Amino acid sequence: MSIQDNLTINEKKVLLALEELRSAVPDKLEEKSGLQIDAAMQAAFMLQEKELASVSEKVLERYSLTKEGEEYKKTGLPERQIIDALKNPVSLEELRSRFSPQTVGIATGWLVKKGWAKVENGIMVPSGEASEGKDEKALSAFAGKAKTLEELGADEGTVKDLLKRKLVVKHEEKFRTVSITDAGSELASQGLVLEEEIAQLTPELLKSGAWKEKKFRPYRLDITPKPLYGTKIHPYRRLIEQMRQIFLEMGFTEIKGGIIQSSFWNFDALFQPQDHPARDMQDTFHLGSTCQIPAEYSGKVAAMHENGGDIDSCGWGGIWDRELAGRNVLRTHTTSVTIKYLADNPEPPVKAFCIDRAYRRETIDPTHTPEFEQLEGVVMDKDMSFADLLGLLAEFYHRMGFEEVRFRPGYFPYTEPSVEPEVYVEGLGWVELGGAGVFRKEVTEPLGIKEPVLAWGLGVSRLAMLKLGLKDLRLLYQSDIDWLRKSEICKI
C-alpha cells in the first residue's frame, strides 16, 4: 500500500492546500482546504506523524492591569503615596489616621524593601532618594489592550513582582503554524486523488452491495488510542456518600447544623470544663460575636459544672461563666449538632447521624488540615448498652470493607466508658479512626434525657486516605485531574 493510500481525504485536502501555501496559520488553512478549523488541524497533526507536515507552536505572553492596578496607576503605588507625603519622621499610628490601615500595611514593607524609608520603634523615617522605580514605569506604560514585556519596556523580574502584588494579570496566546515538508511537497506534486471514504459499514451499503465500489478509510492498528475517562464522582465524595448510605440503610436519620455554634453547645453542654485545653486559641477558631444561651438548660448545666447537680457527681468545681458559654466559635466537632438534636428530641428512640465539616486551628501538613469532615452519630433508647455500641461500629467498618476491627480503651470528657475503634490495614497495622462511648449522665441529665446514649465521632478523611491508598491528606482537596481520572471506582 502506497503512502497516498494511507492518507485520509482530509489529510489530502490539507496537503494540497499546503502545497500551494507552503506554510499557513490555522485560519488560512481552514479557508484554503475547505475544512472546519478543528478538522484541518487534526489532519495537520496526522500529517506531522507521517513526516509530511510540521506544526510549530509559539506562546505569546501579554499582561493587563487588574482593578487594583488601574487604581494605583491613577493614584500611585501605596509606598509612593506615603513617601511623597512623608517629609519628616511620622509614627505608624498617625500614618494610619491619614491613610487607610490597609494602605499603610502594604506600603511599609515596600518602603523598607526599596530603601525609601525605615521603621524605628514604630516611627516611619524617610531614608534615601525615592526615585521612580521600574514597577512604577511599567504601570504607567499600560494603556488600553494587554501588552508584552517589550511593549511595556519592563524586565521579567519587575512584572513578576507586579503579578505577586496582583496588580497585573498574565494572558497567554498560542499561535500555530503548519508547514509542508519536502516529503509532503514531493507527494503532493505527484497528484493526490480526492475520493469519498467510508469509515463505517451500514446495513444499506451491505444490502445494496455498494460497499464493493467504495473506498474505506484505512485504520492504523499500530497506534494506541488515547485513553477515555468516563464521568465519575470525586473519590472523596463517593466515599462520603457510601458512609451516608450505610447509616441510612441501618435506619438512622441524617441531621444538619450550623457551622457557627455557641461555646455552650460546642463545649459546655458536653460537660467539657471551661478551662479545658480544647478551648484554647491553638485549637478553636473563636469569633467576635456572642449569642443567647438557652435559659431552659443553662441553670442545670451550670449546676452540673459547679457541683455535679442532682446526681452522684462532684462536677468540675469553680464558678461556671455564662458569658464564656455565650461566645460563638466555628464548631470544633459535629457533636455540637447531635447534642442539640438530642436536647430537642429527648424522648426515645433516637437514631441520628451527621456527616459535615469541623474546624480547628491546625498547621497544614500531610496529616492535618484546619477544616475536615467528621461522621458523628448517636443512638438513644431504653436498655442500650456498651456492647450495642461496639456491635454497631463493627458493622459499619465491616460494610466499609475492613475485615478486622478492634476497640482500644480511650478517654473523652463527655463519654464513659470510652473507646477508640481501630481497623487493620495491610502494611500499616492497626489504625485508629475516631472515638466513641456512652454519654455521661453529666451530659444527658441537664437536657432531660433519661435513657442511655451511645455516641461516636469518626474521622472521615483518615478513613478515606486508607481506602484510597493516600499518604497526604491534602490530595483529597486538590484538583489533580490526572489523579481524578485514574482513581478506581471499585475493585473486582
Side-chain angles (χ1 to χ4, degrees), residues 1-64 138 141-160 163 168-200 214-229 480-482 485-486:
M1 183 179 291
S2 66
I3 296 178
Q4 183 174 165
D5 293 333
N6 277 325
L7 298 180
T8 66
I9 189 169
N10 284 356
E11 287 177 278
K12 291 177 181 178
K13 288 179 179 179
V14 169
L15 199 59
L16 288 172
L18 288 174
E19 170 65 9
E20 184 175 340
L21 298 173
R22 306 309 296 174
S23 66
V25 295
D27 290 343
K28 191 67 176 177
L29 192 61
E30 174 189 34
E31 178 186 338
K32 193 66 178 177
S33 65
L35 300 171
Q36 293 291 328
I37 192 166
D38 290 341
M41 288 308 299
Q42 182 186 35
F45 284 117
M46 293 169 67
L47 288 170
Q48 183 173 240
E49 289 181 9
K50 300 179 176 75
E51 299 182 350
L52 301 176
S54 64
V55 181
S56 60
E57 189 174 277
K58 181 183 178 182
V59 178
L60 182 63
E61 296 179 349
R62 287 194 174 97
Y63 303 87
S64 62
F142 279 100
K145 62 180 183 179
K147 294 182 178 293
T148 63
L149 286 177
E150 292 75 16
E151 291 170 333
L152 292 172
D155 56 62
E156 289 187 15
T158 300
V159 174
K160 190 175 180 180
L163 285 168
V168 303
V169 63
K170 180 167 72 172
H171 312 276
E172 290 187 349
E173 294 181 69
K174 291 183 178 180
F175 296 91
R176 285 175 175 156
T177 303
V178 184
S179 305
I180 194 168
T181 64
D182 292 340
S185 182
E186 182 179 348
L187 181 63
S189 64
Q190 296 173 4
L192 296 174
V193 180
L194 300 178
E195 56 182 314
E196 182 187 0
E197 294 177 337
I198 296 176
Q200 185 176 356
K214 300 291 184 180
K215 180 182 179 182
F216 291 88
R217 182 178 298 172
Y219 289 90
R220 294 195 46 190
L221 303 179
D222 59 324
I223 297 178
T224 303
K226 292 182 178 180
L228 296 176
Y229 301 101
D480 185 340
I481 191 68
D482 189 57
R485 283 173 170 172
K486 294 179 180 178

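On a predicted model such as this, the values are computed, not experimentally measured, just so you know.
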Atom [atom1] of [X] and atom [atom2] of [Y]: how far apart are they, to the nearest 0.5 Å?
X      : Y      : atom1 : atom2 : value
Leu15  : Met46  : CG    : CE    : 12.5 Å
Asp480 : Lys486 : CG    : NZ    : 9.5 Å
Gln36  : Gln42  : CD    : CD    : 12.5 Å
Leu47  : Thr181 : CG    : OG1   : 8.5 Å

Side-chain donor-acceptor pair present, Asp182, Ser185, cut-off under 3.5 Å: no
For [X], give me all partners under salt bridge (Lys or Arg N to Asp or Glu O under 4.0 Å), at least two apart in sequence or on another chain.
X     : value
Asp38 : none
Lys13 : none
Glu61 : Lys170
Glu19 : Arg22

For a 4.5 angstrom cut-off between non-hydrogen side-chain atoms, does [X] reach [Y]?
X      : Y      : value
Lys32  : Val14  : no
Leu149 : Asp155 : no
Leu52  : Leu18  : no
Tyr63  : Val169 : no
Val55  : Met41  : yes

Atom pairs and distances, side-chain donor-acceptor, residues 173-180, under 3.5 Å, sequence neighbours left out:
residue: Glu173; atom: OE2; partner: Arg62; partner atom: NH1; Å: 2.2
residue: Arg176; atom: NE; partner: Glu57; partner atom: OE1; Å: 2.9
residue: Arg176; atom: NH2; partner: Glu57; partner atom: OE1; Å: 3.2

Please name the pair of heavy atoms, one in Leu29 and one in Ala17, separated by the smallest distance, quoted to 0.1 Å. CD1-CB, 4.1 Å
Tell me the closest heavy-atom pair linking Val168 and Val159, and the distance in Å. CG2-O, 4.2 Å
Does Gln48, at its CD atom, have more than 12 non-hydrogen atoms belonging to other residues, nucleotides or ligands within less than 6.0 Å? yes
Just jot down the side chain to side chain contact (heavy atoms under 4.5 Å, CB included) partners of Lys226, sequence neighbours excluded, or say none. none
